[in-house]
Number of protein chains: 2
Amino acid sequence: MNKNLDPLLLSQSRLSIIGLLYKSNELEFVQIKDTLKLTAGNLSTQIQKLKKADFLEIEKKFKGNYPQTICRITPKGIIAFEDFITNMNQFTNSFSFIIPANTDTKQNRL
Amino acid sequence: MNKNLDPLLLSQSRLSIIGLLYKSNELEFVQIKDTLKLTAGNLSTQIQKLKKADFLEIEKKFKGNYPQTICRITPKGIIAFEDFITNMNQFTNSFSFIIPANTDTKQNRL
DNA sequence: TAAATTAGTTTGTAATTTAAACTAAATTAA
DNA sequence: TTAATTTAGTTTAAATTACAAACTAATTTA
């Protein structure tokens, strides 16, 4: 089978989390939770999985008196996300005989 | 969260199965199994799930003396797959500031 | 006629998902 | 001032999913 889609990112919640961080580099736990409308429990587990894969790092600070959890995407996370996008585009483009194609050739990795 | 990706298709195996059928309309169980290198057990369960969602229909015949299971994509399956592709393209294109964009506008549904 | 092959289905375990329950501190209201 | 509520998370537990292994059942080959 086509095993090129990282199963860790083949998940609505984790794909969205990494996608958000891909754009913003780092975000607060609460920002992610609110933006994606995830429960805190779910987000907590998902970022732990992403951390375990070294796709993001978690920094615990304080914002005023409250604890604050910052998530930051790692170089490995960036590459994994770009690979996912590239592979998914490749897949969707293989149906361009009916669904208009993606012009993506090879991504520019920064 | 971005709840527009049908979780039934957000699976490597089921996405590939429906993708194959999207191209070929109907295929034998064994053809799908061999093409995607799935185990028979896994394929059996996955097509049952897809059937339950009315994304494909299963016809049981005989080919010579051996049983033959034909899988055929349904109109509902076609729409679901096209929607998945469209939504995934929309997602990936929202990262085109770095990853080249997909030109897909609105798909032509046949 | 025994062994191997074909074509699947069912089962059992492991992993995943996610809401609910919980911890722990801070803040607000009575 | 102390009780209730809010903030910010983590842990748990139940439900769902994934998938290989084991199984059924017939056919073909040696």
Side-chain angles (χ1 to χ4, degrees), chain A residues 1-21 26-72 80 84, chain B residues 1-21 26-72 80 84:
Chain A
M1 199 185 22
N2 197 22
K3 277 285 181 207
N4 48 20
L5 293 172
D6 188 332
L8 194 67
L9 292 183
L10 202 56
S11 140
Q12 184 78 253
S13 54
R14 288 190 301 269
L15 184 62
S16 306
I17 293 166
I18 287 292
L20 262 192
L21 291 175
E26 71 173 46
L27 287 170
E28 291 173 35
F29 183 96
V30 173
Q31 285 185 283
I32 300 175
K33 179 175 81 63
D34 293 348
T35 304
L36 300 181
K37 287 173 184 54
L38 293 169
T39 61
N42 192 6
L43 180 55
S44 180
T45 0
Q46 301 306 345
I47 63 175
Q48 278 168 42
K49 283 180 196 177
L50 291 167
K51 184 196 169 171
K52 203 165 289 176
D54 194 32
F55 284 8
L56 56 75
E57 53 191 28
I58 300 176
E59 187 187 349
K60 281 160 189 304
K61 308 204 268 183
F62 275 84
K63 182 194 198 178
N65 293 315
Y66 287 107
Q68 185 191 34
T69 299
I70 302 283
C71 298
R72 191 176 305 105
F84 183 92
Chain B
M1 203 186 20
N2 196 22
K3 275 288 181 204
N4 47 21
L5 292 172
D6 188 332
L8 195 67
L9 293 183
L10 201 55
S11 139
Q12 184 78 253
S13 54
R14 288 190 301 269
L15 185 62
S16 306
I17 293 165
I18 287 291
L20 262 192
L21 291 174
E26 72 174 45
L27 287 169
E28 292 174 34
F29 183 96
V30 173
Q31 285 185 284
I32 300 175
K33 179 175 81 63
D34 294 348
T35 304
L36 300 182
K37 287 174 182 54
L38 292 170
T39 61
N42 191 6
L43 180 55
S44 180
T45 357
Q46 302 304 347
I47 63 175
Q48 278 168 42
K49 282 179 196 176
L50 291 166
K51 184 196 169 171
K52 203 165 288 176
D54 194 33
F55 284 7
L56 56 75
E57 54 192 28
I58 300 176
E59 187 187 350
K60 280 160 190 306
K61 309 205 269 183
F62 274 85
K63 183 195 197 176
N65 293 315
Y66 287 107
Q68 185 191 33
T69 300
I70 302 283
C71 298
R72 191 176 305 104
F84 183 92

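Given the structure is predicted, the values throughout are model-derived calculations rather than measurements. Proteins come first, then strands; the chains are lettered A, B, ... in the order of their sequence lines, and each starts at number 1. Side chains included, hydrogens not; waters and symmetry mates left out as well; all remaining heavy atoms used.
- Within the 4.5 Å cutoff, side-chain heavy atoms of B:Asp6 are placed close to those of B:Phe55.
- At C:dT16, none of the side-chain N or O atoms of A:Arg14 fall inside 4.0 Å of OP1 or OP2 (strictly under the cut-off).
- At whole-Å resolution of the value, CD in A:Gln68 and P in D:dG9 are 7 Å apart.
- Pairing for D:dA30 goes to C:dT1, judged as Watson-Crick or G-U wobble with the two contacts each under 3.5 Å.
- Rounded to an integer number of Å, the gap from B:Tyr66 OH to D:dT24 P is 19 Å.
- DNA chain D is contacted by both B:Gly64 and A:Ala40; A:Ala40 maps to the nucleotide lying nearer its 5′ end (nearest heavy atom per residue).
- For the pair B:Leu38 CG and C:dG8 P, the interatomic distance rounds to 14 Å; values are reported in whole Å.
- Taking each heavy atom of B:Leu9 and B:Leu15 in turn, the nearest pair found is O-CB, 3.3 Å.
- Listed candidates were C:dA7, C:dT9, D:dT10. Nearest to the side chain of B:Val30 is C:dA7.
- For the pair A:Phe62 CZ and C:dA24 P, the interatomic distance rounds to 13 Å; values are reported in whole Å.
- Taking only side-chain nitrogens and oxygens, A:Lys60 comes nearer than 4.0 Å to OP1 or OP2 of D:dT10.
- Atom CD1 in A:Ile32 sits about 10 Å away from atom P in D:dG9, given to the nearest Å.
- In this structure, B:Ser11 contributes its side chain and B:Pro7 its backbone to no donor-acceptor pair below 3.5 Å.
- B:Thr69 comes within 4.0 angstrom of sugar-phosphate atoms only, judged by non-hydrogen atoms across all strands, and of no base.
- In this structure, the CD atom of A:Gln31 is 11 Å from the P atom of D:dG9, given to the nearest Å.
- With B:Ser16 contributing its side chain and B:Gln12 its backbone, the two residues share a donor-acceptor pair below 3.5 Å.
- For the pair A:Ile70 CD1 and D:dA8 C1', the interatomic distance rounds to 13 Å; values are reported in whole Å.
- Closest approach of B:Leu21 and B:Cys71 over heavy atoms only: CD2-O, 3.4 Å.
- Residues B:Glu28 and A:Lys49 both approach DNA chain C. Their nearest nucleotides, taken by heavy-atom distance, put B:Glu28 toward the 5′ side.
- Nearer the 5' end of DNA chain C, as judged by each residue's closest nucleotide, is the contact made by A:Thr39, out of A:Thr39 and A:Asn65.
- Following rounding to the nearest Å, A:Leu8 (CG) and C:dA15 (C1') show an atom-to-atom distance of 13 Å.
- At a threshold of 4.0 angstrom between heavy atoms, the contacts of A:Ser11 are confined to the sugar-phosphate backbone, with no base atom among them.
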